[in-house]
Amino acid sequence: MIPIGKILEGKYTNKTVTIRGWVYRKREGKDIIFILMRDATGVIQCTFRKDAEAWEEAEKATIESSATLTGTVKEDKRAPGGYEISGENLSIIGLAETFPIAKDKSEEFLRDVRHLWLRSRKMSLVMRVRDEVLWSVHECFRKKGFVEVSPPMFISSACEGGSTLFGLKYFDQDLFLTQSAQLYLEALIYSLEKVYCVAPSFRAEKSRTIRHLTEYWHVEPEQAFADVDDMMRLEEDLVSYVCRKVAQKCRKELVELGLDPEELARVKPPFPRVTYTEAVERLHKKGLRVKWGEDFGFDEERVLAEMFDKPVFVYGYPKQIKAFYCKTYPEKPDLAMSADLLVPRIGEITTGGSRVDDKDELIKRMKEFGLRPEDYEWYIDLRRYGTVPHAGFGLGVERLLAWMLKLENVMDAIPFPRTIRRFYP
RNA sequence: GCCGCUGUAGCUCAGCCAGGUAGAGCGGCUGGCUGUUAACCAGUCGGUCGUAGGUUCGAAUCCUACCGGCGGCGCCA
């Protein structure tokens with residue numbers, strides 16, 4: 001059994017091969033049938049003459065039927081890809097009914113039949129790049145001495161506000177699905193110091209945008225004895241590493257998706273860094289009306305991101321617009337040691353920073369945010385027994401991928417997207 | 001949560017503003033075709049016009065409610 005990709009590399013010219021895969025296209029003439037076969041490695045044209053033994057079987061084959069095919073490889077400029085197989089034998093494995101996806105298709109329909117649309121060139125290319133993104137994330141953390149850990153998905157109290165959690169019945173208790181592993185990662189740094197996870201996060205935000213999923217994959221590192229500046233360095237290293245690896249290893253995929261690998265290869269540290277206060281000033285110069293102390297909306301993020309040719313960090317936010325666990329600068333107690341990484345079109349792809357490491361400060365901040373410290377006893381314990389300064393961040397995998405591949409929607413960066421409106425298939 | 005757009009054949013859409021017998025292309029099927037490139041040519045099959053009410057002699061078209069989908073804002077990764 002020969003992978004089609006190997007044949008297209010010219011390694012089997014004039015040899016008899018057997019391939020297996022699915023019928024990608026079919027065109028019938030009076031005395032000749034063209035069947036384009038695809039497998040995981042590529043697409044190749046196969047011809048069947050009327051006098052061939054396989055003619056009848058070739059006539060029967062329908063789009064997306066699975067089959068085994070034997071024939072002789074020939075170099076032929078008329079064939080897409082430059083090579084074709086002169087078909088001698090064809091054996092249909094699973095005869096396909098009329099495939100619902102044809103020439104005309106809408107985004108809506110393709111999402112209704114996502115289980116079938118995953119077979120398309122576009123989706124398979126994106127899935128290959130996604131694989132490389134995840135692999136290179138693991139590689140990068142491993143090289144830096146981080147230990148991969150597995151956080152829980154069921155949680156008993158909110159990581160942040162609480163209004164955006166999915167609730168569920170857990171036997172006779174009310175529990176939630178996690179929206180971040182952060183609090184659990186914080187517990188693990190006391191033994192492992194540098195940890196990370198790649199896990200799903202669930203958010204019940206009723207967002208209707210091209211950058212929101214209710215279930216998304218979250219890369220979250222947490223590091224002891226580190227602060228927000230260490231995190232920004234880690235983030236730019238990670239994002240650059242991933243971009244470089246994808247540019248190297250997914251060159252073909254990028255080109256077929258209509259992208260320039262060099263553009264990704266140019267994403268290198270350092271990324272520009274802008275303080276919140278500077279960002280407000282820059283936005284004022286652009287004519288946007290933002291008041292110091294207010295969080296940026298998507299319009300502001302977009303304008304900021306488009307000022308630079310690389311992802312940009314915005315750091316030093318007013319503490320009231322950041323989460324309760326965000327540490328503040330000792331010399332500027334109104335500013336959070338927190339940074340967001342912004343990219344054009346998608347907006348935030350990461351948020352992170354230093355965490356509050358003092359027990360009394362943590363309890364005070366919880367109360368300010370209307371949280372009940374008794375719900376977080378275990379988390380407060382982490383500050384009771386050998387607390388250390390520490391920091392971490394969260395990266396949205398689908399947002400990263402959507403930015404890297406210029407996808408129209410984060411839904412196309414995951415095989416089976418879940419949004420407020422869509423959970424089938 | 002607020003706002004906008006949208007729903008007509010398996011798929012993509014026209015018809016709706018100005019009410020009067022349901023249309024095209026693609027796909028399917030049948031036939032034709034000198035090697036096609038999402039082939040081409042001819043014929044043919046295919047629809048409770050999202051659902052339920054209402055107005056009207058008459059509703060895909062006007063009105064109301066509901067349902068599905070897409071997007072913008074807010075919220076966030």
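Chain naming here is simple, since letters A, B, ... match the order of the sequence lines and numbering starts at 1 in each. The shown structure was predicted, so the numbers you read here are calculated from the model rather than taken from an experiment.
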J.: For B/rG74, does the base pair up with any side-chain atom of A/Ser207 as donor and acceptor (N or O, under 3.5 Å, distance only)?
T.: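 Result: at least one qualifying N/O pair found.
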J.: State whether A/Asn409 places a side-chain N or O below 4.0 Å from either non-bridging phosphate oxygen (OP1 or OP2) of B/rG71.
T.: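 True: A/Asn409 side-chain N/O within range (under 4.0 Å) of B/rG71 OP1/OP2.
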J.: Can you tell me how far C1' in B/rU12 sits from the matching atom in B/rG27, rounded to whole Å?
T.: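 These two C1' atoms come out 11 Å apart once rounded.
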J.: With sugar-phosphate meaning primed atoms plus P, OP1 and OP2, does A/Arg25 contact a base, only sugar-phosphate, or nothing at under 4.0 Å between heavy atoms?
T.: sugar-phosphate
J.: Please determine if A/Lys322 and A/Asp340 form a salt bridge, counting it only when a charged side-chain N lies under 4.0 Å from a carboxylate O.
T.: yes
J.: Let me spell it out: for each of A/Glu108 and A/His212, pick the nucleotide of RNA chain B with the closest heavy atom. Which residue's pick is nearer the 5' end?
T.: A/Glu108
J.: Are any protein N/O atoms closer than 3.5 Å to N/O atoms in nucleotides 28-34 of chain B? If there are, list each pair with its distance.
T.:
none

J.: Under 4.0 Å, heavy atoms only, any strand: does A/Arg121 hit a base, just the sugar-phosphate, or nothing?
T.: nothing
J.: Do the side chains of A/Arg211 and A/Glu301 get close enough for a salt bridge, i.e. N-O under 4.0 angstrom?
T.: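 Salt bridge between A/Arg211 and A/Glu301, a charged N being under 4.0 Å from a carboxylate O: no.
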J.: Return the stacking result for B/rG35 and A/Phe34: yes when the ring centres lie under 5.5 Å apart and the planes under 30°, no otherwise.
T.: no
J.: Rounding to an integer number of angstrom, what distance separates B/rG23 and B/rG46 when you compare their P atoms?
T.: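 Taking atom P in both B/rG23 and B/rG46, they lie 13 Å apart.
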J.: Provide the distance between the two C1' atoms, one in B/rC66 and one in B/rG28, to the nearest whole Å.
T.: 35 Å
J.: Hey, are A/Glu57 and A/Lys60 close enough for a salt bridge, meaning a charged N less than 4.0 Å from a carboxylate O?
T.: yes
J.: Is the shortest side-chain N to carboxylate O distance from A/Glu253 to A/Arg121 below 4.0 Å?
T.: no
